[in-house]
Amino acid sequence: MGFADQRLTVNVSILFTELPLLERPAAAAAAGFTAVELWWPWVDSPTPEQSRLDDLKKAIEDAGVQLTGLNFYAGQLPGPDRGALSLPGEESERFRSNVDVAADFAGSLGCTALNALYGNRVDGVDPAGQDALALENLELAARAADRIGAVLLIEALNRPESPRYPLVSAPAAVGIVDKVNQATGLGNARFLMDLYHLSMNGEDLAAVIERYASKTGHVQIADNPGRGAPGTGSLPLDDLLDQLKKAGYDGWVGLEYKPGDRPSSEAFEWLPREAR
C-alpha cells in the first residue's frame with residue numbers, strides 16, 4: 001500500500017520548471033513517470049496560436065506520457081491570481097474564450113480532468129454577484145468537459161496563501177461541486193482534494209477523506225510545512241493515500257510540490273523508481 005499502490009502523475013508546472021515547457025514531459029519520463037499534469041501553461045494567452053498547442057501536444061506524445069489533468073486559464077499562476085472565472089469583465093471573458101480551447105487540447109490527448117480555479121474576491125464587487133458569474137462560467141466549463149468525456153474539478157486552496165480566494169475548505173469546494181451538478185444535470189463536477197491546501201487550513205484530513213472521497217475526482221499532494229516532497233514535512237501522506245484507496249478512490253495522485261533548491265530530477269529520491 002502507500003505510494004507504491006498509487007497512480008502517480010507529475011505536475012510539470014511546479015516541478016521541472018527549470019526547463020523550458022516543451023522539455024518537461026520528457027524529463028518526467030526520464031525520471032520514471034508515465035503521466036503528467038499541467039496548469040494552463042500560457043498565462044499571457046487563453047487562446048494561444050495553434051502552433052503552440054501543437055508543439056506541446058507533440059512534446060507530450062513524443063515523451064510517451066499521459067496527460068492526466070489540465071487547468072483552464074486562471075490568470076497569472078503562479079503569481080497573484082487564483083483563477084479568472086468569477087472575476088467580472090475582461091478576465092471572465094478570457095476564461096470563457098479558453099473553455100473550448102482547453103477542452104479540445106485535453107481531448108486530443110485523452111485527458112479526462114479539467115480544473116477550474118474559482119478566482120479571488122474583488123474589492124467593491126458584491127460576492128453574490130461573483131458567485132452567480134462563477135456558476136454561469138462553471139456550467140460552461142462542465143459542458144465542455146462533458147463533451148470530451150472529462151470531469152470538471154473544483155479545488156479548495158488555503159487561506160494563509162490565498163486569503164482572497166473564497167473556497168478555502170473542503171465543504172466550500174464541495175458545495176460548489178453540488179451546485180454545478182444541480183445546474184447542469186451532468187454530474188461531472190468533482191472535488192479536487194489537495195491534501196496540502198487542506199492541511200494548511202487546519203482541516204481533519206482523515207475526516208475529509210471519509211466524508212468526500214466519493215465526490216473526489218482528483219487528488220494532489222505535497223508535504224506540510226513547506227510544500228515540499230513527501231517526507232520533508234509532517235503529513236502522514238502514505239497513510240492518507242491508503243485511506244483514500246480503501247474509501248474507493250482509484251484515480252491519479254498528482255505530485256504538486258516544490259523541489260527545493262535542487263534540480264527537479266533529484267526531488268524524487270523519496271520514491272523508489274519501481275513505484276513511479
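- Here E61 does not pair with K58 in a salt bridge; the nearest charged N to carboxylate O distance is not below 4.0 Å.
- Linking ILVMFWY residues whenever their side-chain heavy atoms come closer than 4.5 Å, directly or via other members, places L8 and L195 in the same cluster.
- Looking at Y257 and L15, their side chains come closer than 4.5 Å, going by heavy atoms from C-beta outward.
- Under a cut-off of 6.0 angstrom, the local environment of CD in E266 is crowded, with over 12 non-hydrogen atoms contributed by other residues, nucleotides or ligands.
- D223 approaches G231 most closely through the heavy-atom pair OD2-N, 2.8 Å.
- With values rounded to the nearest 0.5 angstrom, L56 atom CG is found 9.0 Å from S108 atom OG.
- Proximity of a side-chain donor or acceptor of R276 to a complementary backbone N or O of L271 within less than 3.5 Å is detected.
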Could you go step by step and tell me if F191 and L153 meet the side-chain contact (heavy atoms from CB on, under 4.5 Å) rule?
CA-CA 6 Å; F191 176 41; L153 298 172; over 6 Å; no

List the steps and the verdict of side-chain contact (heavy atoms from CB on, under 4.5 Å) for E155 and L167.
CA-CA 7 Å; E155 183 175 8; L167 308 184; over 6 Å; no

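- Scanning both residues, A84 and F95, for their nearest heavy atoms gives CB-CB, 4.2 Å.
- Across G107 and I148, no two heavy atoms sit closer than the pair N-CD1, 3.7 Å.
- Between W39 and L70 the shortest side-chain heavy-atom distance does not fall below 4.5 Å.
- Atom OG of S264 sits about 9.5 Å away from atom CD1 of I14, to the nearest 0.5 Å.
- No side-chain heavy atom of P259 sits under 4.5 Å from any side-chain heavy atom of F268.
- Note that the CD atom of Q243 and the NZ atom of K246 stand 8.5 Å from one another [nearest 0.5 Å].
- V36 and L192 fall into different hydrophobic clusters, where Ile, Leu, Val, Met, Phe, Trp and Tyr residues are linked whenever their side-chain heavy atoms come under 4.5 Å apart, directly or through other members.
- With a 4.5 Å cut-off on side-chain heavy atoms, L152 and F72 count as touching.
- L241 is listed as a side-chain neighbour of I221, based on a closest heavy-atom distance under 4.5 Å.
- Remark: W270 CH2 to L237 CG distance equals 8.0 Å, nearest 0.5 Å.
- By the neighbour-count criterion of 12 heavy atoms within 6.0 Å, atom CD of Q50 is densely surrounded, having more than that number from other residues, nucleotides or ligands.
- No donor-acceptor pair closer than 3.5 Å links the side chain of R159 to the backbone N or O of N201.
- In this structure, D123 pairs ionically with R164, as a charged nitrogen and a carboxylate oxygen lie closer than 4.0 Å.
- V174 and L244 fall within the same hydrophobic cluster, defined by Ile, Leu, Val, Met, Phe, Trp and Tyr side-chain heavy atoms under 4.5 Å apart, directly or through other members.
- The neighbour count for R211 CZ, taken as heavy atoms of other residues, nucleotides or ligands under 6.0 Å away, does not exceed 12.
- Considering CD1 of I60 and CZ of R24, their distance stands at 11.5 Å, rounded to 0.5 Å.
- In the model, T34 has no side-chain atom that pairs as donor or acceptor with a side-chain atom of Q66 under 3.5 Å.
- There is a side-chain donor-acceptor pair under 3.5 Å between E37 and Q220.
- Closest approach of I154 to A173, counting heavy atoms only: CG2-O, 3.9 Å.
- No hydrogens or angles considered: a donor-acceptor pair under 3.5 Å links the side chains of N115 and N71.
- If you take OG on S13 and CD on E256, they are separated by 8.5 Å, rounding to the nearest 0.5 Å.
- Between L240 and I209, the closest side-chain pair of non-hydrogen atoms falls below 4.5 Å.
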Check against side-chain contact (heavy atoms from CB on, under 4.5 Å), V219 and T216:
CA-CA 7 Å; V219 172; T216 297; 3.9 Å; yes

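- Of the N and O atoms on the side chains of R94 and Y73, at least one donor lies less than 3.5 Å from an acceptor on the other residue.
- No more than 12 heavy atoms of other residues, nucleotides or ligands lie within 6.0 Å of CG in D261, so this atom counts as exposed by the packing criterion.
- Under a cut-off of 6.0 angstrom, the local environment of CD in E210 is sparse, with at most 12 non-hydrogen atoms contributed by other residues, nucleotides or ligands.
- Between the side chain of D81 and the main chain of G83, no donor-acceptor pair closer than 3.5 Å is present.
- The shortest non-hydrogen separation linking S97 to P46 is OG-CG, 3.6 Å.
- With hydrogens and angles left out, the side-chain atoms of Y118 and N137 include no donor and acceptor closer than 3.5 Å.
- No salt bridge links K179 with D131; every basic N to acidic carboxylate O contact stays at or beyond 4.0 Å.
- Judged purely by atom type and a 3.5 angstrom limit, K57 has no side-chain atom pairing as donor or acceptor with the backbone of F105.
- Remark: R7 does not engage D250 in a salt bridge, criterion side-chain N to carboxylate O under 4.0 Å.
- The closest side-chain heavy-atom distance from R121 to R82 is not below 4.5 Å.
- The closest donor-acceptor contact from the side chain of W42 to the backbone of D44 lies at 3.5 Å or more, if one exists at all.
- Taken together through direct or relayed side-chain contacts under 4.5 Å among Ile, Leu, Val, Met, Phe, Trp and Tyr, L117 and M200 form parts of separate hydrophobic clusters.
- Counting heavy atoms from C-beta outward, F16 and L21 have side chains that stay 4.5 Å or more apart.
- Proximity of a side-chain donor or acceptor of D238 to a complementary backbone N or O of F3 within less than 3.5 Å is detected.
- S92 places no side-chain N or O within donor-acceptor distance of the main-chain N or O of P88, the cut-off being under 3.5 Å.
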Could you go through the side-chain contact (heavy atoms from CB on, under 4.5 Å) check for L255 and T9 one step at a time?
CA-CA 6 Å; L255 304 179; T9 181; over 6 Å; no

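- At least one donor-acceptor pair under 3.5 Å links the side chain of N181 to the backbone N or O of A189.
- Of all heavy-atom pairs spanning V168 and E203, the tightest one is O-OE2, 4.1 Å.
- V151 and V99 are members of different hydrophobic clusters when ILVMFWY side chains are connected at heavy-atom separations under 4.5 Å.
- The closest donor-acceptor contact from the side chain of Q130 to the backbone of S86 lies under 3.5 Å.
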Can you list the steps and then say if Y196 with E161 is a side-chain hydrogen bond (donor to acceptor under 3.5 Å, both in side chains)?
CA-CA 11 Å; Y196 167 74; E161 295 175 328; 2.8 Å; yes

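- Looking at S199, its side chain never comes within 3.5 Å of a backbone N or O of L205 through a donor-acceptor pair.
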